[in-house]
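Beneath this line is the structure, given in structure tokens, with notes to follow.
In what follows, chains carry the letters A, B, and so on, assigned in the order in which the sequence lines appear, proteins first and then strands, with residues in each chain numbered from 1.
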Protein chains: 2
Amino acid sequence: VKISELSSRSGVVSSTVKYYVREGLVSEGRRTSGNQTAYDESHVQRIRLVRALIETGGLSIAATKQVLAALDDHKDNLAYAFEAAQHALGSVGAAGARNASTDARQRIADLVASGDWTATGDNPGWELAARALDGLSTIGFEPSSSFLAAYAAGAAAVARADLDALDSRSHPDEITELMVVGTVMGDALLAGLRRLAQQNETAAVFSAVNERTKETQS
Amino acid sequence: VKISELSSRSGVVSSTVKYYVREGLVSEGRRTSGNQTAYDESHVQRIRLVRALIETGGLSIAATKQVLAALDDHKDNLAYAFEAAQHALGSVGAAGARNASTDARQRIADLVASGDWTATGDNPGWELAARALDGLSTIGFEPSSSFLAAYAAGAAAVARADLDALDSRSHPDEITELMVVGTVMGDALLAGLRRLAQQNETAAVFSAVNERTKETQS
């Protein structure tokens with residue numbers, strides 16, 4: 001496969017393909033006699049994956065590298081792979097970030113305890129969730145227990161679907177790949193559906209207000 | 001308030017504060033006679049917000065600018081503000097991104113229709129969710145209807161909590177602020193809780209496997 005075909009099949013322009021190779025995200029092709037470079041199917045697949053992580057997942061080049069390393073290094077152990085992937089993804093947007101406050105971490109700990117969840121201290125979810133509470137706190141919003149419970153219930157339902165999806169794959173490589181890519185893409189899928197659902201809920205609120213207005217006027 | 005106090009109260013070092021001002025994310029302080037710059041409470045608040053959006057929300061400077069513009073421009077209309085904020089946030093990580101495939105958009109449309117959701121075509125959630133499906137498709141994973149239904153149910157539960165939370169605020173400025181910051185921080189909170197829930201679900205699967213192994217051995 002020449003670079004032109006690699007580009008058309010992966011939907012990534014040649015200059016970007018070369019950039020990915022230079023950055024070490026994609027392995028180099030094989031030099032052929034005619035001073036050209038030949039790529040194979042694994043390159044097409046890997047470039048599509050890199051594109052998905054960067055464009056849809058919104059990952060930086062550095063975070064993408066970490067995710068790919070987790071993917072390549074832990075193909076044989078489900079628990080390790082998940083942990084490695086979560087750690088790589090946990091660093092997303094965390095460059096130079098401060099630690100979450102003790103208060104915020106305690107609120108997440110209470111939430112996890114109330115759901116009787118098993119989660120170890122090194123899960124990057126603690127920090128991510130607690131820092132989000134700190135972010136809400138900067139605008140003076142302290143979520144109620146019912147707000148947090150709704151988020152926890154939503155996260156639990158989605159996590160169950162994530163685990164069930166792994167059953168659809170038999171090869172360990174494919175299972176690891178789905179864990180890693182599924183974690184990034186699942187966040188994006190959930191964020192997209194949340195925006196659609198917010199509009200639906202807003203419409204429901206407005207229509208209730210309109211109904212009440214009509215009743216008052218009639 | 002001097003820059004040193006601004007820095008200690010917002011948790012952002014002076015050089016970063018100056019950078020935020022240069023980038024137009026934060027308004028300039030007032031020059032005092034002693035060739036110093038004085039800041040007020042609104043600066044402290046704004047810098048904390050910028051820090052939360054960038055560090056926890058993982059937004060780029062450009063996306064942060066858009067979110068702040070949405071916040072400043074639509075303080076008076078709930079529906080407009082939400083739409084403006086969603087559009088600004090929809091552009092996150094979308095720099096140079098391609099459009100989602102028709103297939104993926106159709107799957108999201110089917111999902112929205114099955115939930116009887118009201119959502120207009122310009123909601124950025126369509127593109128975000130559909131591109132996530134395309135991302136999963138690059139590794140050969142086509143989600144089942146039950147997988148998508150679980151995500152939709154999770155998103156709906158969270159969106160309801162988001163709307164309910166707006167009731168806790170009375171001033172239009174505060175409502176808009178919570179919509180915008182809540183959209184970014186809510187994604188992060190959900191992502192964090194999802195990682196914790198995934199570990200809990202994985203532990204449940206492993207313990208079930210261990211139980212079966214014990215039974216077989218005894």
Side-chain angles (χ1 to χ4, degrees), chain A residues 11 48-49 52 55-58 79 82 86 92-93 97-98 112 117-119 123-125 128-129 131-132 135-136 138-139 141 147 150-163 165 177-178 181-182 185 187-203 205, chain B residues 11 48-49 52 55-58 79 82 86 92-93 97-98 112 117-119 123-125 128-129 131-132 135-136 138-139 141 147 150-163 165 177-178 181-182 185 187-203 205:
Chain A
R48 279 190 187 153
L49 175 58
E55 293 191 359
T56 308
F82 226 147
Q86 286 196 329
V92 172
R98 273 138 206 291
V112 163
W117 289 2
T118 301
N123 186 309
L128 195 54
R131 280 203 277 131
L136 290 170
T138 62
I139 59 160
F141 177 69
F147 179 91
Y151 270 74
V158 160
R160 213 164 299 126
D162 290 335
L163 265 283
E177 192 182 48
L178 180 56
V181 179
M185 295 304 148
D187 284 347
L189 178 60
L190 203 49
L193 293 175
R194 179 171 167 240
R195 280 149 187 68
L196 293 167
Q198 281 177 336
Q199 191 178 20
N200 180 50
E201 294 291 333
T202 312
V205 169
Chain B
R48 278 189 188 154
L49 175 57
E55 292 190 0
T56 307
F82 224 146
Q86 286 198 331
V92 172
R98 275 137 204 290
V112 164
W117 289 2
T118 301
N123 187 309
L128 195 52
R131 281 202 276 130
L136 290 170
T138 62
I139 59 158
F141 178 68
F147 179 92
Y151 270 75
V158 162
R160 212 164 301 127
D162 290 334
L163 266 283
E177 191 182 49
L178 180 56
V181 179
M185 294 305 148
D187 284 347
L189 178 60
L190 203 49
L193 293 175
R194 180 171 167 241
R195 280 152 186 66
L196 293 166
Q198 281 178 337
Q199 190 178 22
N200 181 49
E201 294 291 331
T202 312
V205 168

Which atoms form the tightest heavy-atom contact between A:E201 and B:A156, and what is the distance? OE2-O, 4.2 Å
Under 4.5 Å from any heavy atom of chain A, what part of B:V112 do you find: side chain, backbone, both or neither? side chain
Could you go step by step and tell me if A:F141 and B:V181 meet the side-chain contact (heavy atoms from CB on, under 4.5 Å) rule? CA-CA 10 Å; A:F141 177 69; B:V181 179; over 6 Å; no
How close do B:A132 and A:L189 get, heavy atom to heavy atom, and via which atoms? CB-N, 3.6 Å
Below 4.5 Å, heavy atoms only, C-beta onward: do A:Q199 and B:T118 meet side chain to side chain? no
Side-chain donor or acceptor of B:D187 paired with backbone N/O of A:D187 under 3.5 Å: no
Atom group of A:A153 that falls short of 4.5 Å from chain B, counting heavy atoms: neither
Flag the one option from B:G154, B:A191, B:A152 with the top tally of heavy-atom pairs under 4.5 Å to chain A. B:A191
Closest approach of A:R194 to B:A159 (non-hydrogen atoms, all atoms of both residues): O-CB, 4.2 Å
Nearest heavy-atom approach of B:A157 to A:A150 is O-CB, 4.1 Å
What are the two closest heavy atoms between B:W117 and A:L193, and how far apart are they? CZ3-O, 3.7 Å
Between the main-chain N or O of A:Q198 and the side-chain N or O of B:D162, is there a donor-acceptor pair closer than 3.5 Å? no
Atom pair CG (A:L49) and CD1 (B:I139), whose distance is rounded to the nearest 0.5 Å: 7.0 Å
Looking only at heavy atoms, the pair that brings B:L178 and A:L136 closest together is CD1-CD2, 4.4 Å
